[in-house]
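Reviewing the structure listed below.
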Protein chains: 2
Amino acid sequence: MQKAVIEKNNETIAAQLTPVGRETVQDRVYSELRRALIGGLFEPSQVLTIRGLADALVTSTMPVREALGRLITEKALEALPNRSVRVPPITLERIDDLLRARSLIEGEAIALAATRMNSRQIASVEAMLGEWDEMRALKHKKDIDREATLNQSFHFEIYRCCGSAVLIPMIESLWLQSGPCIRVAIYAFSDAGEVDTAHYHRSIVAALAKQDAQAAREALVADISRPFAFLRDKLQSTARKD
Amino acid sequence: MQKAVIEKNNETIAAQLTPVGRETVQDRVYSELRRALIGGLFEPSQVLTIRGLADALVTSTMPVREALGRLITEKALEALPNRSVRVPPITLERIDDLLRARSLIEGEAIALAATRMNSRQIASVEAMLGEWDEMRALKHKKDIDREATLNQSFHFEIYRCCGSAVLIPMIESLWLQSGPCIRVAIYAFSDAGEVDTAHYHRSIVAALAKQDAQAAREALVADISRPFAFLRDKLQSTARKD
DNA sequence: GTTATTGATTTGTGATCACACTTGCTTTGA
DNA sequence: TCAAAGCAAGTGTGATCACAAATCAATAAC
């Protein structure tokens with residue numbers, strides 16, 4: 001068999017098969033911890049132990065310690081002087097700090113995206129709006145995890161269009177850092193009454209459709225400010241009580 | 001001996017002793033690799049091996065692999081599908097991307113710092129200006145490493161005044177990512193002739209002294225744009241030759 | 001002479017072990 | 001009764017080993 005024929009054959013096979021992608025245990029542990037952090041499954045100030053997580057994830061300590069180290073450098077976790085690690089506690093300064101950074105960077109990302117998104121991409125995020133309404137209509141009881149996931153997908157679908165390989169990892173890091181805080185706020189939200197996230201998302205999509213970068217930035221800032229502002233008030237009122 | 005006396009005694013001792021601070025091998029390896037990366041000791045596209053670095057740093061592979069993992073999550077290094085790691089190659093898109101991100105975030109940091117710095121802090125960075133001139137006057141031959149270190153100290157001395165615990169790690173990550181690129185540009189600079197970094201730094205300090213946030217931001221952007229613009233031109237001309 | 005195959009070396013990954021430090025509880029002494 | 005010393009369990013860190021995958025060189029086949 002000639003070489004050309006073999007290569008052609010291989011190409012045909014390659015076109016039909018999807019790459020399996022050798023994923024290491026460390027990567028899975030890292031992704032899992034990320035998911036838990038962004039989703040707010042860990043509480044602020046909660047301490048994590050390597051062996052404890054290794055047991056929970058049914059692996060050895062090795063992949064866990066590597067994943068923890070990575071999360072610490074991203075400031076998603078905090079290394080105490082005792083050499084134990086915890087999820088960073090919530091403080092007023094930290095909330096303001098995170099909101100400012102997120103407004104700055106995610107605002108820039110969406111402003112860039114607004115000038116770059118094609119009609120197909122806009123249609124894609126518009127479709128997610130419908131998904132949101134659908135979820136709301138079907139189930140009366142609020143599925144917070146589902147909402148959080150959908151919210152995340154919506155935002156990153158947009159950010160991916162900004163065309164910056166530098167900004168996106170920074171945004172991921174910011175979500176990682178604000179995840180535990182946000183979740184606290186969301187829980188408080190759902191007690192305090194209804195908030196229409198879909199409304200904010202609609203105004204974002206409207207701005208994107210008009211390719212209005214400034215309007216998109218403002219709509220986004222309004223969207224992400226809500227939980228932070230809520231959490232801020234809550235924290236201040238509890239602080240006054242002490 | 002009563003408890004109070006003992007405690008008083010301990011306090012006296014504590015006042016005279018400086019904490020030794022248990023530093024792990026992993027931390028030292030990480031700092032060392034950071035220093036090398038920011039200083040541009042590694043070339044873009046250079047591949048690094050765990051065992052190679054472990055031998056060079058005279059430790060086992062364990063601290064090195066952990067440090068490498070951390071640097072990869074910061075995008076300071078790149079994990080190839082072969083599971084080998086290299087310092088990211090320079091591309092035109094990456095240069096523009098990094099410059100935009102740095103202008104945005106470092107610009108915000110210096111704008112915040114401009115409104116917050118007290119006279120003592122301003123005097124401190126002003127003193128670094130003098131240090132720069134001094135270095136220039138004394139030695140005719142250019143000490144690139146010394147200049148780079150001084151430049152880094154100057155910038156971060158200012159950024160530290162912005163009062164954001166979120167922005168500063170992001171800036172560090174950006175310096176880590178642009179370090180290898182910058183160094184290439186600096187080397188080209190020193191061949192191409194003199195550039196007066198001190199001039200740009202003086203205009204930054206002048207803006208800070210006036211508490212003019214906008215002027216400080218613009219002066220900073222002018223300062224950090226230079227090597228990027230230079231590198232950009234150089235890359236475009238070499239690309240045309242091919 | 002060029003291409004394919006085989007084998008050796010190198011490299012990353014994960015598991016396990018040894019050691020040092022921390023933490024919390026128990027025991028001891030005043 | 002209470003505080004301090006001592007002990008034991010738990011935890012992070014680093015070293016070493018085993019294994020699988022990748023890389024490279026040399027040999028064999030056409």
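To find a chain, count down the sequence lines: A is the first, B the second, and so on, and within it residues start at 1. What you see is a predicted model; the values in this text were computed from it and never measured.
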Winner on side-chain proximity to B/T61, out of C/dA15, D/dT16, C/dT16, is D/dT16
Geometric cation-pi criterion A/R102 and A/W175, 6.0 Å radius, 45° cone: yes
Between C1' on D/dG12 and CD on A/E66, what's the gap in Å once rounded to a whole number? 14 Å
Considering all heavy atoms of both residues, which atom of B/Q177 and which atom of B/P180 are nearest to each other, and what is their separation? O-CD, 3.8 Å
Listed nucleotide nearest any side-chain atom of B/V25, set C/dT16, D/dG12, D/dG14: D/dG14
Rounded to whole angstrom units, what separation is found between the CG atom of B/D27 and the C1' atom of D/dT13? 11 Å
Between C/dC21 (C1') and A/I50 (CD1): distance, integer Å: 14 Å
Between B/D97 and B/R94, does at least one N-O distance fall below 4.0 Å, as a salt bridge requires? no
To the nearest Å, give me how far apart CG (B/L80) and C1' (C/dT13) are. 17 Å
Any salt bridge between A/E172 and A/R34, counting N to O under 4.0 Å? yes
Pairwise 5' ranking along DNA chain C for A/T59 and B/L68, keeping only the more 5' one: B/L68
Please evaluate residues B/E157 and B/S124 with respect to the criterion side-chain hydrogen bond (donor to acceptor under 3.5 Å, both in side chains), reporting the C-alpha separation (whole Å), side-chain torsions for both, the decisive distance (0.1 Å), and the verdict. CA-CA 8 Å; B/E157 186 85 12; B/S124 171; 3.1 Å; yes
From C-beta outward on B/R51, which listed nucleotide comes closest to its side chain: C/dG14, D/dT16, C/dT13? C/dT13
Could you check how far CE of B/M62 sits from C1' of C/dA15, rounded to whole Å? 10 Å
Establish, with yes or no, whether the OP1 or OP2 oxygen of D/dG14 is under 4.0 angstrom from a side-chain nitrogen or oxygen of B/Q26. yes
Nucleotide C/dT13, atom C1' - distance to CD1 of B/I72 in whole Å: 13 Å
Selected nucleotide, minimal atom distance to B/N82 side chain, candidates C/dG12, C/dG14, D/dA22: D/dA22
With heavy atoms under 4.0 Å as the rule, sort B/L48 into base, sugar-phosphate or nothing. sugar-phosphate
If you check every side-chain atom of B/P63, which of D/dA15, C/dG14, D/dT16 has the closest atom? D/dA15
Kindly indicate whether the side chain of B/R65 and the base of C/dG14 share any N or O donor-acceptor pair separated by less than 3.5 Å? yes
